[in-house]
Student: 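The following block contains the structure, expressed as structure tokens.
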Amino acid sequence: QVQLVESGGGLVQAGGSLRLSCAASGSIASIDTMTWYRQAQGKQRELVAAITSGGSTNYADSMKGRFTISRDNAKNTVYLQMDSLKPEDTAVYYCAARIVLRSNIFKAYDYWGQGTQVTVSS
């Protein structure tokens with residue numbers, strides 16, 4: 001059906017940068033909103049940033065000015081540029097996408113990636 005595959009996570013020092021990617025593949029007719037979430041150990045999953053198919057963006061307050069979400073509709077890929085990273089940004093980062101399948105263009109389904117670990121050392 002559909003797969004979302006994240007990449008780009010890793011270990012970085014505080015103040016550094018990472019760029020996450022999430023590519024969707026499968027029998028896709030169109031993709032609406034694409035979203036990044038994160039979940040730190042022992043905490044609830046939280047919204048990081050979202051971007052619509054038209055390019056409108058939304059960020060959690062703590063990420064504004066440091067993180068930038070973007071997408072390449074031709075590649076069905078969403079990116080998260082993370083700058084000025086802090087130890088508290090350490091978490092597993094997940095992407096999610098609302099996708100319309102070729103087999104049923106009248107309904108959208110939510111899909112999730114497997115997550116990618118981001119660790120920021122102090």
Student: Where do Tyr93 and Glu6 come nearest, in terms of heavy atoms and distance?
Tutor: O-OE2, 3.8 Å

Student: Kindly give the heavy-atom pair with the smallest separation between Arg66 and Leu85, and that separation in Å.
Tutor: NH1-CA, 4.0 Å

Student: With ring-ring contact (aromatic ring centres under 6.0 Å, His included) as the rule and sequence neighbours excluded, what pairs involving residues 41-90 come up?
Tutor: none

Student: Suppose we screen for side chain to side chain contact (heavy atoms under 4.5 Å, CB included). Which residues come up paired with Ser53, at least two apart in sequence or across chains?
Tutor: Asp32, Arg71

Student: For Leu101 versus Gln1, what's the shortest heavy-atom pair and its separation?
Tutor: CD1-OE1, 3.5 Å

Student: Please check if atom CD in Gln3 has more than 12 non-hydrogen atoms from other residues, nucleotides or ligands closer than 6.0 Å.
Tutor: no

Student: Would you sort out whether Met82 and Val118 count as a side-chain contact (heavy atoms from CB on, under 4.5 Å), showing the intermediate values?
Tutor: CA-CA 10 Å; Met82 305 186 293; Val118 171; 3.9 Å; yes

Student: What side-chain donor-acceptor pairs closer than 3.5 Å can you find for residues 7-28, not counting sequence neighbours?
Tutor:
residue: Ser17; atom: OG; partner: Asp83; partner atom: OD1; Å: 2.7

Student: Please report the interatomic distance CD1(Ile69) to OG1(Thr35), rounded to the nearest 0.5 Å.
Tutor: 6.5 Å

Student: Can you tell me which residue pairs pass the ring-ring contact (aromatic ring centres under 6.0 Å, His included) test with a partner in residues 10-29, sequence neighbours excluded?
Tutor: none

Student: Of all residues at least two apart in sequence or in a different chain, which pass the side chain to side chain donor-acceptor pair (under 3.5 Å) check with Ser121?
Tutor: none

Student: State the CZ-NZ distance between Arg45 and Lys43, to the nearest 0.5 angstrom.
Tutor: 15.5 Å

Student: What heavy-atom pair brings Met34 and Ile31 nearest, and what distance separates the two atoms?
Tutor: CG-CG2, 3.6 Å

Student: Got a sec, which hydrophobics cluster with Tyr37, joining ILVMFWY side chains under 4.5 Å apart, including via others?
Tutor: Leu47, Val92, Tyr94, Trp112

Student: Is the shortest side-chain N to carboxylate O distance from Lys64 to Asp61 below 4.0 Å?
Tutor: yes

Student: What's the shortest heavy-atom distance between Asp89 and Ser84, and which atoms?
Tutor: OD2-O, 4.4 Å

Student: As an exercise, state the distance from OG1 of Thr33 to CD1 of Ile51, rounded to the nearest 0.5 Å.
Tutor: 9.5 Å

Student: What pair of heavy atoms forms the shortest contact from Glu88 to Arg38, and how long is it?
Tutor: O-NH2, 4.1 Å

Student: Does atom CD of Gln117 have more than 12 heavy-atom neighbours, drawn from other residues, nucleotides or ligands, at distances under 6.0 Å?
Tutor: yes

